[in-house]
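Residues take their numbers from the sequence shown, with the count starting at 1.
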Amino acid sequence: MARVSQEHLDARRRQILEGAARCFARNGFHATSMQDVLKEVDLSAGAVYRYFSGKDELIAAIVKGVLAEVRAAFEEVTRQSPPPPPDVLVGEVLGRALGIWGTLSVEGEPAFPRLIMQVWAETVRNPELALVMDEVYGVVTTAWIRVAEAYQEAGMMRSDIPAEHVARTMVAVVQGFIAQQSLLGPAPVEVLQDGLRALMSMTGSQLG
């Protein structure tokens, strides 16, 4: 009997994960059964259980995979030196984040925003996955702190505001826009970029 190649095994595992991700994005982690996953991927139970022991392991694999890709997207974009202005940088980060598993769709819309909402919710109830989330959040926040410090050193940003506060705000902006994609439907990243540019253009006289 011919040995199955590692490439084939990896492709089959990816097929199962993508099918499960579509199911989870559509109906949520806990309203989705393994039968739903089997139907989605059109594989036998034996074929799926060869890779994953059950739904909990599938959930864990998807959560860890999504968070790892989000972390990589943030790290890659925020490593630029000198960093571009905030509106450009946020656009690049969101473009990469929303492009994760970009071929997956649910009801004609990208699956990732819906899936990330499920991931965030799952980390609240699962201590093991919460630790993964904390690690990713720490890495992402540190990356944005470096960006804020670079802005301050270049005289592009006020230096009397802690860089950590700026970082948390930038993370919140990205998270909020992804949440809007899930709750309100797709919107171009340029919408957020335009809003940031408008806020960045405000001066002291306009505020007064």
| Under a single-linkage definition using a 4.5 Å side-chain heavy-atom cutoff for Ile, Leu, Val, Met, Phe, Trp and Tyr, are Val93 and Met156 assigned to the same hydrophobic cluster? | yes
| query | Would a 4.5 Å heavy-atom cut-off, applied to side chains only, mark Arg12 and Arg50 as touching? | reply | no
| message | Can you tell whether the side chains of Glu69 and Arg96 come within less than 4.0 Å, N to carboxylate O? | response | no
| Verdict with reasoning, Glu92 to Gln80, per side chain to side chain donor-acceptor pair (under 3.5 Å) | CA-CA 11 Å; Glu92 291 184 12; Gln80 300 176 61; 2.6 Å; yes
| Would Lys64 and Glu128 satisfy salt bridge (charged side-chain N to carboxylate O under 4.0 Å, His left out), going step by step from the backbone distance to the final call? | CA-CA 10 Å; Lys64 291 176 181 178; Glu128 177 188 353; 3.0 Å; yes
| Side-chain touch Gln175/Met170, heavy atoms, less than 4.5 angstrom | no
| task | Rounded to the nearest 0.5 Å, what's the gap from CD on Glu149 to CH2 on Trp144? Could you check? | result | 13.5 Å
| query | Short question: side chain of Glu75, backbone of Ala143 - any donor-acceptor pair under 3.5 Å? | reply | no
| task | Would you check if the side chain of Thr123 reaches a backbone N or O of Trp120 as a donor-acceptor pair within less than 3.5 Å? | result | yes
| task | Measure across Ile145 and Glu164 and return the closest heavy-atom pair with its distance rounded to 0.1 Å. | result | CG1-CA, 3.9 Å
| remark: Between Pro86 and Met200, the two heavy atoms sitting closest are CD-CE, 3.8 Å
| Quick one: do Arg79 and Glu76 make a salt bridge, cutoff under 4.0 Å? | no
| said: For a quick test of reading the model, state the closest non-hydrogen atom pair linking Ala21 to Ile62 and the distance between them. | reply: N-CD1, 3.7 Å
| query | What closest approach, in Å, do Ser182 and Pro113 show between heavy atoms, and which atom pair accounts for it? | reply | CB-O, 3.6 Å
| said: Is it true that, when you exclude Asp10 itself, more than 12 heavy atoms of the residues, nucleotides or ligands shown sit nearer than 6.0 Å to its CG? | reply: yes
| field | Cluster overlap Ile161 with Met157, hydrophobic side-chain contacts below 4.5 Å | value | yes
| Derivation of the side-chain contact (heavy atoms from CB on, under 4.5 Å) call for Leu58 and Ile16 | CA-CA 9 Å; Leu58 261 176; Ile16 295 168; 4.0 Å; yes
| message | Taking the basic N atoms (NZ, or NE/NH1/NH2) and the acidic carboxylate oxygens, is any pair closer than 4.0 Å for Asp36 and Lys39? | response | no
| said: To the nearest 0.5 Å, what is the distance between CZ on Arg13 and NE2 on His8? | reply: 14.0 Å
| Under the side-chain contact (heavy atoms from CB on, under 4.5 Å) criterion, do Val171 and Arg168 qualify, and how do the steps go? | CA-CA 5 Å; Val171 172; Arg168 290 176 66 95; 5.7 Å; no
| task | Using a 4.5 Å cut-off on heavy atoms from C-beta on, say whether the side chain of Leu43 contacts that of Tyr51. | result | no
| message | Could you check whether any side-chain N or O of Glu57 sits under 3.5 Å from a backbone N or O of Ser53, counting only pairs where one atom can act as donor and the other as acceptor? | response | yes
| Hydrophobic cluster identity match, Leu9 and Phe52, side-chain contacts under 4.5 Å | yes
| Counting only N and O atoms by type, is there a donor-acceptor contact under 3.5 Å from the side chain of Gln193 to the main-chain atoms of Asp87? | yes
| request: Could you give me the CA-CA distance, side-chain angles and deciding distance for Leu115 and Phe24, then say whether side-chain contact (heavy atoms from CB on, under 4.5 Å) is met? | output: CA-CA 7 Å; Leu115 187 60; Phe24 294 145; 4.1 Å; yes
| field | Donor-acceptor pair, side chain of Lys55 and main chain of Thr32, under 3.5 angstrom | value | yes
| query | Is the CG atom of Asp56 crowded by more than 12 outside heavy atoms at less than 6.0 Å? | reply | no
| field | Heavy-atom side-chain proximity of Ser44 to Tyr49 below 4.5 angstrom | value | no
| request: Answer with yes or no whether the hydrophobic clustering places Leu183 together with Ile116; edges join I, L, V, M, F, W, Y residues whose side-chain heavy atoms lie under 4.5 Å apart. | output: yes
| said: Would a single hydrophobic cluster contain both Val189 and Phe74, if residues Ile, Leu, Val, Met, Phe, Trp and Tyr are joined by side-chain heavy-atom contacts under 4.5 Å? | reply: yes
| task | Determine the minimum heavy-atom distance between Gln15 and Val41, stating which atoms define it. | result | NE2-O, 3.2 Å
| query | Of all heavy-atom pairs between Glu40 and Gly19, which one has the smallest distance, and what is that distance? | reply | CG-O, 3.3 Å
